[in-house]
Amino acid sequence: MAPKKVYSVCGMCTVRCLIQADVENDECLFLQGNPKNLKGALCARGGAGYALSQDTERPQYPLIREGERGEGKWRRVSWDEALDYVADKLKALKAEHGPETLLWSDRGGPFPDLHQAFVKGFGSPNYCNHDVSCARNVQHAAKSVTGMGRKEFSYDLKNAKHIVLQTRNIFEAINVSEVNNTLDALESGCKLTVIDVRGTITASKADNFFMIRPGADYAFNLAVINVLLERGLYDKEFAATQINGLDQLKAFVRPYTPEWAEAETGIPASRIVHFVKELAEAAPSVIWHPGWMAARYKDSFWVCRTAYIINALLGSIGSKGGLPLTMKAADAGRKGLKSLAGQFEKPAAKRADGAGWKYKHIDPGPGMIDKAYNAIESGDPYPVRAYLCFRHDPLMALPDPEAIKKKWEKLDLLVSVTFSWSETAWHSDVVLPLSPYLERESIIAHKGGLKPMFFVRKRAISPRYETKAEWEILCGLAKRLGIDKLAFDSIEDIWNYQLQDTGVKIEDFDECGFVELSAKPIYKPRSEIKFKTPSGKIEIINPVWEEMGFSSLKPYESPERPPEGRFRIVFARVGVHTQGHTVNNPLLNEQMPENTVWLNTKVAKTLGIADGDLVEVSNNGYSAKIKATVTDLIHPEAAFMVHGFGHKLRPESRAGERGAADQRLMPGGLDKDCLAGGSLALQEHFISVKKA
């Protein structure tokens, strides 16, 4: 076969960067970022995508469990038998308990329309994604301040004059487009401030690095607001026309001075004041990033909320170089994609997790998967007996996996759709092997931004094993379940359905894999912005949260300090791995085969621990051995690990028993949350560390 270039979409994390695959004789010779979108740039994970296809240790054919859950006894079956088995189980459970008995969860990303269509078509309201362990606090902070979701604002990084990264490690938890735009901004003189408990790669690039006491971010933000208001450094014109409740905010933050914050955060008051003056000088082209993975502390919702308030006070919201509004197809005068989920009526039943009804302030979109597990266990508000996990590993991604397994005992059907082995797949009743992203097509997706676009993933190489694309799996189930509107026979039929009335044909993607809907960036003037709140303005006090018992301006509570000899566990991503699903990748495992635990130099000395020593980390009965990284670049109260290690799966020869699993060090973690934002509080746990 002649060489060809295939424009597609990476699948190594949820960012979904646009890529170009150079293919010859059905083999991928080279992967790079789409040159017409990402200048050819791709992160290490994206570059290792072909190793995923070549990996012989991934699921290769459908499996049905024979022994007990987690025992590892499987029966190899054909696709027809596997899909018939799942469909028959779903039919029986639907007949007994109603369609709402089905729960779905996935990793999010740009392709949820097909997933939501399947769940809606079945008749269930219970679509969830992983967001309780990621960005629920950011989403609800945005809604509580502006009435709009977090994705309705763009980060105009390329044109920013000052970028503040708090709970956002942009150069390790990589979105290639954001990294490129940030580097372009820094080259043009933009300042970078990083607020973190440890010295990250991102912090190494910063003009200001504040190593903050773990759990004290809210104190820092309140002090920043205090300086902005008390010294008149805010955008008075924008505040007068677009902010409702400014006087209440002024009164609230008056006691939270930089001097007060110094005692809480460990950051000198003079540095806080100087930093705020720098922000005021750069305004309104300032981005105070509200966070990406913000499921950290019991007050993380208010950390994210104050980030949006600071952006508002600086006039950044709606501004070039700040947080302009995200444009969609309609803003460019174009028709959007026709929704697959839009074919189906809203299910009659209320959500099992309580989002939108029991918890009226919670956006029901991705829901709260932890609360859905409570419904599995209790049967309240109804029995949830079937669970489909799509590219999602809750036993790795959520705390206290043994507690989750206990809740799942009530399930009659647990299905994993996955391209790699995971703790959840190993514990499932059925494993449906998903083709890795180079071996599958996906539905067309819309990407909002200053220049909205449509983009498509096309198959670069043939499946190596008996695996299928998600559309093949879900449409195959839809045919068996009588969901006729989703029973498509080909991906082309789906693409043509989506493109109706858009004026775009599938052939238009051949040139570069995407179709831009606007020739140039679209900035909506600040004066024309009407926020989706009752007043049409930014709301300092939100009545919905107040009604639910959550104060919009929550008084600060000092975080609990670790008991003697213990440390607050913190975790994050790294540039060569995506949580747990890449640690067995042949190329990426070579780059980083195990994680280590970071300890502060002075603290480690008192424990008799040197750099590279083997140590034991433990909490409430679980312990693991892991090497120590002793460094000045972490706060003395914290112990840090890269998330995703400590696998115990027999098929994974490279990842097995390497490093420690941080989620196992979080007993009772499903009950530690920040309910105001609908998120778990994953860094409210303390662990012991001793020399092994």
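Just the heavy atoms: all of them, side chains too, but no hydrogens, waters or symmetry mates, feed the values below. All of these numbers come straight from a predicted model, not from anything done at the bench.
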Starting at CG of D400, measure out to NZ of K672 and round the result to the nearest 0.5 Å.
-> 11.0 Å
Between T578 and R45, is any side-chain donor less than 3.5 angstrom from a side-chain acceptor?
-> yes
Answer yes if the side chains of Q166 and N221 hold a donor-acceptor pair under 3.5 Å, and no otherwise.
-> yes
Closest contact, heavy atoms only, N137 versus G678 = OD1-N, 4.2 Å
Are D632 and T601 linked by a side-chain donor-acceptor pair shorter than 3.5 Å?
-> yes
Sub-4.5 Å side-chain heavy-atom contact between M396 and V583 = no
Evaluate the side-chain proximity of H361 to K143: yes if any heavy-atom separation is below 4.5 Å, no if none is.
-> no
Does the D207 side chain pair with the main chain of L192, one donor and one acceptor, at a distance under 3.5 Å?
-> yes
Salt-bridge criterion met for R136 and D363 (N-O under 4.0 Å) = yes
State whether R271 and E262 are salt-bridged, where the test is any N-O pair (Lys NZ or Arg NE/NH1/NH2 against Asp/Glu carboxylate O) under 4.0 Å.
-> no
Kindly say whether S177 contributes a backbone atom to a donor-acceptor pair with the side chain of N181 at under 3.5 angstrom?
-> yes
Is there a side-chain contact between F275 and I267 (heavy atoms, below 4.5 Å)?
-> no
Test I212 against F220 for side chain to side chain contact (heavy atoms under 4.5 Å, CB included), laying out the working first.
-> CA-CA 8 Å; I212 196 166; F220 186 90; 3.7 Å; yes
Is R305 reaching over with its side chain to a backbone N or O of S144, donor-acceptor style, under 3.5 angstrom?
-> yes
Minimum side-chain heavy-atom gap H577-N595 below 4.5 Å | no
Are any side-chain N or O atoms of T257 and backbone N or O atoms of W260, one a donor and one an acceptor, separated by less than 3.5 Å?
-> yes
Do S300 and Q683 have side chains that get closer than 4.5 Å, going by heavy atoms?
-> no
Using the ring of each side chain (for Trp, its six-membered ring), is F419 parallel, tilted or perpendicular to H581, with breaks at 30° and 60°?
-> perpendicular
Go through the steps for R16 and T14 under the test side chain to side chain contact (heavy atoms under 4.5 Å, CB included), then give the verdict.
-> CA-CA 5 Å; R16 308 297 201 279; T14 53; 3.6 Å; yes
Ring centroid separation for Y155 and H289, is it under 6.0 angstrom?
-> yes
Considering non-hydrogen atoms only, spot the tightest contact between V138 and C304 and give its length.
-> CG2-SG, 3.9 Å
Minimum side-chain heavy-atom gap R654-E590 below 4.5 Å = no
Can R568 and E684 be counted as an ion pair, charged N to O under 4.0 angstrom?
-> yes
Of all the heavy-atom pairs spanning S133 and A295, show the shortest one and how long it is.
-> C-CB, 3.7 Å
Output field: ring centroids Y387/Y373 closer than 6.0 Å | yes
Which pair of non-hydrogen atoms, one from V176 and one from C43, has the smallest distance, and what is that distance?
-> CG2-N, 3.9 Å
Only one of D370, L682, T424, V132 passes side chain to side chain contact (heavy atoms under 4.5 Å, CB included) with L398, and that residue is V132
Roughly how far, to the nearest 0.5 Å, is the NZ atom of K298 from the SG atom of C674?
-> 10.5 Å
On the ring face of W292, is R573 found with NZ or CZ under 6.0 Å from the centre and within 45° of the axis?
-> yes
Are there more than 12 heavy atoms of other residues, nucleotides or ligands under 6.0 Å from atom NZ of K405?
-> yes
Whether D613 side chain and A628 backbone form a donor-acceptor pair below 3.5 Å = no
Would you please say whether a donor-acceptor pair under 3.5 Å links the side chains of N584 and E57?
-> yes
What's the spacing between N620 CG and H685 NE2 if we round to 0.5 Å?
-> 10.5 Å
Parallel, tilted or perpendicular: ring planes of Y218 versus Y556, cut at 30 and 60 degrees = tilted
Donor-acceptor contact present, side-chain W545 to main-chain A676, <3.5 Å | yes
Carboxylate-amine/guanidinium contact K410 E377, below 4.0 Å | no
Heavy-atom pair of closest approach, residues W426 and P651 = CZ3-CG, 3.4 Å
Atom pair CG/OG of L649 and S422 - distance to nearest 0.5 Å | 7.0 Å
Spacing of CG belonging to L675 relative to CZ belonging to F550, to within rounding of 0.5 Å | 4.0 Å
Cationic N near anionic O, under 4.0 Å, K371 to D673 | yes
Without swapping roles, check the side chain of Q579 against the backbone of G644 for a donor-acceptor pair under 3.5 Å.
-> no
Donor-acceptor pair, N600 side chain versus I634 backbone, under 3.5 Å?
-> yes
Could you check D662, V617, V597 and say which one makes a side chain to side chain contact (heavy atoms under 4.5 Å, CB included) with I569?
-> D662
Worked verdict on H162 versus N208 for side chain to side chain contact (heavy atoms under 4.5 Å, CB included) = CA-CA 11 Å; H162 200 136; N208 304 307; 4.0 Å; yes
Would a 4.5 Å heavy-atom cut-off, applied to side chains only, mark L434 and F390 as touching?
-> yes
Closest non-hydrogen atom pair, A352 against A375 | O-CB, 3.7 Å
Would you check if the side chain of W302 reaches a backbone N or O of S551 as a donor-acceptor pair within less than 3.5 Å?
-> yes
Gap between atom CG of D196 and atom CZ of F209 - 0.5 Å precision | 6.0 Å
NZ or CZ of R566 within 45° of F686 ring axis and under 6.0 Å = no
Do E172 and T202 have a side chain donor and acceptor closer than 3.5 Å?
-> no
Using 30° and 60° as the class limits, which term best fits the ring planes of H392 and H130: parallel, tilted or perpendicular?
-> perpendicular
Yes or no on side chain to side chain contact (heavy atoms under 4.5 Å, CB included) for N619 and M666, after CA distance, side-chain angles and deciding distance?
-> CA-CA 7 Å; N619 190 23; M666 302 175 183; over 6 Å; no
Backbone N or O of W288 within a donor-acceptor pair of the N311 side chain at under 3.5 Å?
-> yes
N374 side chain reached by M368 side chain, heavy atoms, under 4.5 Å = no
Could you tell me whether R69 sits above the aromatic face of W408, with NZ or CZ closer than 6.0 angstrom to the six-membered ring centre and within 45 degrees of the axis?
-> no
